[in-house]
**Q** 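Once you've had a glance at the structure underneath, I'll fire off some questions.
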Amino acid sequence: MSCSHISELEQAPFGVLRLPRTIVVGVEQRLAISQLASEFGRSVLICTDRRLAASQELHALVRDLGNMQMDVEVFGETEAELPTPGITACVEGLRSRQIDVVIGFGGGSCMDMAKVVSILLTHGGHPRDYYGEFAVPGPVKPVIAVPTTAGTGSEATAIAVVSDPDLGMKMGISSPHIIPQAAVCDPSLTYTCPPSLTAATGADAFVHLVESLTAIPRVPSPTLVHERVFVGRNALANSIALDGIRLVGSSLLTAYKDPENAGARGEMMLAALYGGIALSNAGTAAAHAIQYPVGALTHTAHGVGVGLLLPYVVRFNFAAIQPQLAQIAEALGENIHGLDPREAALAGVRAIDGILHGIEIPSTLAELGVAEGDLARIAELSMNSKRLIDNNPVQLDLNAIKSIVRAAFVGDHSING
Ligand SMILES: NC(=O)c1ccc[n+]([C@@H]2O[C@H](COP(=O)([O-])OP(=O)(O)OC[C@H]3O[C@@H](n4cnc5c(N)ncnc54)[C@H](O)[C@@H]3O)[C@@H](O)[C@H]2O)c1
């Protein structure tokens, strides 16, 4: 390949978009689920958690499915953060049952539960057999994902995240085979989310969008899409990420302060979906890598951790992502007209701070209960998330991670570059 050909590849738009086959968004669209499910067969498993299993909406779904002459099994014991023993217990209990379609009804934990249960029902084994990228050997039983939080975007992603007690950490299963066949995003299901959950999940969506838009760009070789599930920043994911950032800017604070504001809840549901689509194709980076050990140590919500870390990560990456930060500034309503590129990028950093401050995300690791003596270990464990570390726009080694972790501990907001 000639040099000029390589530079053409680098300059021309490159994009990857792997998606659910059907995405339905809108108030009361949960009433469309039973018809969608019936297209996949007669026997349905619903994975949900105790709170949602007791909800009127879940009871109505079971009734609708029954009216379509479907056999319905409800597993209502999904645990938050998805410990693997709960997944294997669910599958053990289904040994003698034929399941045609799995519905994940709940937050990211329930949707990821549906994905992993579907893998195990199709291919057998234990969740650990599928950790990493491309380890799922083929298609799985169809999953319909129905989010009840506006955050993870799992309804559209090629990833399921589990907590493995044997390894003492969270692990990802990433494969295009586990993208749900259908995502039904009904914002009215999120009206019951209290402000703290709205903030944590909204911050999660926001970080997905920003980290996808600012992920490392890769030379688009013809094998890239087969070598990586998450290919880095790319034209198709960028547009979606920017739209999502715009929606977060217009609606997250309102959804936080006014939980039953239908417009804001609807926009946040879309933003979370866009975040899932963007992350599932471009991928996330340092804020996610560092949150995993922070979350394991402090038992704080994933969204709170990534939201807290994002301002420090964008400051560390500043020199490599100035054009994207300027785009973020505009998407969040800042007037950057006439500013030089550095000033416009700084406006983006301040706008990111403003979103997270508005929903009262803590601003230092110390506030989450991290002690100074934990910092070195957090940095070392962050390096284990190689997929995320590799996706950062600035190359990261242990010292680089240590500097981000220390800044986040003491609240050092200086710009790198
Ligand atoms: N697969 C992916 O692409 C992906 C992406 C990001 C995060 N995740 C994973 O998703 C999980 C987090 O998901 P989450 O943040 O949605 O929370 P969650 O699913 O763990 O739920 C947290 C709590 O919120 C409650 N809840 C859910 N919906 C509610 C509602 N409408 N009203 C009131 N309470 C409600 C649940 O009952 C639970 O107690 C983590 O395990 C994380 O690692 C997955």
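Counting starts at 1 for both ligands and their atoms, in listed order. For reference, positions follow the sequence shown, starting with 1. All of these numbers come straight from a predicted model, not from anything done at the bench.
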**Q** Short N/O distance, under 3.5 Å, between G153 and ligand 1?
**A**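 It does not: no N or O of G153 is found under 3.5 Å from an N or O of ligand 1.
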**Q** Hey, does H302 come in under 3.5 Å of ligand 1, counting only N/O atoms on both sides?
**A**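 Min N/O separation from ligand 1 is not below 3.5 Å for H302.
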**Q** So which heavy atom in the protein is nearest atom 3 (O) of ligand 1, and how far is it from that ligand atom?
**A** T157 OG1, 2.7 Å
**Q** Which atoms of ligand 1 have any heavy atom of K170 under 4.0 Å away?
**A**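 Those atoms are 40 (C), 41 (O), 42 (C), 43 (O).
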**Q** For D204, is at least one N or O under 3.5 Å away from an N or O on ligand 1?
**A**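 By distance alone, the answer is no.
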**Q** Any idea which atoms of ligand 1 are less than 4.0 Å away from a heavy-atom of V161?
**A** 43 (O), 44 (C)
**Q** Using atom types as modelled and distance alone, determine if a side-chain donor or acceptor of Q35 lies under 3.5 Å from a backbone N or O of A32.
**A**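 Here the side-chain-to-backbone pair does not exist.
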**Q** Should the proximity of H208 to ligand 1, defined as any heavy atom under 4.0 Å, be assigned to the side chain, the backbone, both, or neither?
**A** side chain
**Q** Just wondering, do I359 and F206 contact through their side chains at under 4.5 Å, heavy atoms?
**A** no
**Q** Residue-level breakdown please: for R51 versus ligand 1, do any non-hydrogen atoms fall below 4.0 Å on the side chain, on the backbone, on both, or on neither?
**A** side chain
**Q** For atom 29 (C) of ligand 1, which candidate among V162, T198, T148 holds the nearest heavy atom?
**A** T148
**Q** State, yes or no, whether a side-chain contact exists between I159 and R387 at a heavy-atom distance under 4.5 Å.
**A**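 Yes, side chains in contact.
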**Q** May I ask you to say whether R265 pairs ionically with E267, meaning some side-chain N is under 4.0 Å from a carboxylate O?
**A**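 Judged by the 4.0 Å cut-off on N to carboxylate O distance, R265 and E267 do not form a salt bridge.
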**Q** How far is atom 24 (O) of ligand 1 from its nearest protein heavy atom, and which residue and atom name does that atom have?
**A**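 Ranking protein heavy atoms by distance from atom 24 (O) of ligand 1, first comes L197 CD2, 3.4 Å.
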**Q** Identify, for atom 15 (O) of ligand 1, the protein heavy atom at the shortest distance, and state residue, atom and that distance.
**A** T201 CG2, 3.5 Å
**Q** Examine the proximity of ligand 1 to R50 and report which part, side chain or backbone, both or neither, has a heavy atom under 4.0 Å away.
**A**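 None of R50 does.
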**Q** Hey, does the side chain of D243 reach the backbone of I240 with a donor-acceptor pair shorter than 3.5 angstrom?
**A** no
**Q** Side-chain contact, heavy-atom cut-off 4.5 Å: R218 with D390?
**A**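 Touching, per the 4.5 Å side-chain cut-off.
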**Q** Is there a polar contact, in the sense of an N or O pair closer than 3.5 Å, between T149 and ligand 1?
**A** yes
**Q** Closer than 4.0 angstrom: is that true for some heavy atom of G151 and an atom of ligand 1?
**A**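 Under 4.0 Å: no for G151.
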**Q** Any idea which protein heavy atom is nearest atom 20 (O) of ligand 1, and the distance to it?
**A**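 Protein heavy atom at minimum distance: S109 OG, 2.6 Å.
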**Q** In ligand 1, which numbered atoms sit nearer than 4.0 Å to a non-hydrogen atom of G107?
**A**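 Ligand 1 atoms under the 4.0 Å threshold to G107: 16 (O), 19 (O).
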**Q** Go through the steps to decide whether M113 and E79 satisfy the test side chain to side chain contact (heavy atoms under 4.5 Å, CB included), and finish with yes or no.
**A** CA-CA 9 Å; M113 176 76 165; E79 297 164 72; over 6 Å; no
**Q** Does any N or O in the side chain of K115 come within less than 3.5 Å of the main-chain N or O of T157, such that one atom is a donor and the other an acceptor?
**A** yes
**Q** Which of the atoms in ligand 1, numbered in the order shown and given with their element, are less than 4.0 Å from a heavy-atom of L189?
**A** 31 (N)
**Q** Any donor and acceptor pair, going by atom type alone, linking the side chain of T84 with main-chain N or O of D164 inside 3.5 Å?
**A** no
**Q** Does some side-chain heavy atom of E227 sit less than 4.5 Å from a side-chain heavy atom of E133?
**A** no
**Q** Which residue and non-hydrogen atom of the protein lie closest to atom 32 (N) of ligand 1, and at what distance in Å?
**A** T192 OG1, 2.8 Å
**Q** Among all protein non-hydrogen atoms, which one is nearest to atom 5 (C) of ligand 1, and what is the separation to 0.1 Å?
**A**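 Of the protein heavy atoms, T152 O, 3.6 Å lies nearest.
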**Q** Is L82 close enough to touch ligand 1? Criterion: a residue heavy atom under 4.0 Å from a ligand atom.
**A** no
**Q** Considering residues, nucleotides and ligands other than R42, do more than 12 of their heavy atoms fall under 6.0 Å from its CZ?
**A** yes
**Q** Atom 37 (O) of ligand 1: which protein heavy atom is closest, and how many Å away?
**A**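 Checked against all protein heavy atoms, atom 37 (O) of ligand 1 sits closest to D49 OD2, 2.6 Å.
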**Q** Does any N or O of ligand 1 fall below 3.5 Å from an N or O anywhere on I159, backbone included?
**A** yes
**Q** Step by step, would you call Y312 with H413 a side chain to side chain contact (heavy atoms under 4.5 Å, CB included)?
**A** CA-CA 7 Å; Y312 302 98; H413 283 88; 3.4 Å; yes
**Q** For Q56, is the CD atom crowded, meaning more than 12 foreign heavy atoms sit under 6.0 Å from it?
**A**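 No, the 6.0 Å shell around CD holds no more than 12 heavy atoms from other groups.
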**Q** If you have a sec, work out which protein heavy atom is nearest atom 17 (O) of ligand 1 and how many Å separate them, to one decimal?
**A**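 Answer for atom 17 (O) of ligand 1: G108 N, 4.2 Å.
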**Q** So do V370 and L375 actually touch side chain to side chain, heavy atoms under 4.5 Å?
**A**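 They are in side-chain contact.
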**Q** Under 4.0 Å from a heavy atom of A80: which atoms of ligand 1 are those, numbered in the order shown and with their elements?
**A**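 Under 4.0 Å from A80, ligand 1 has these atoms: 20 (O).
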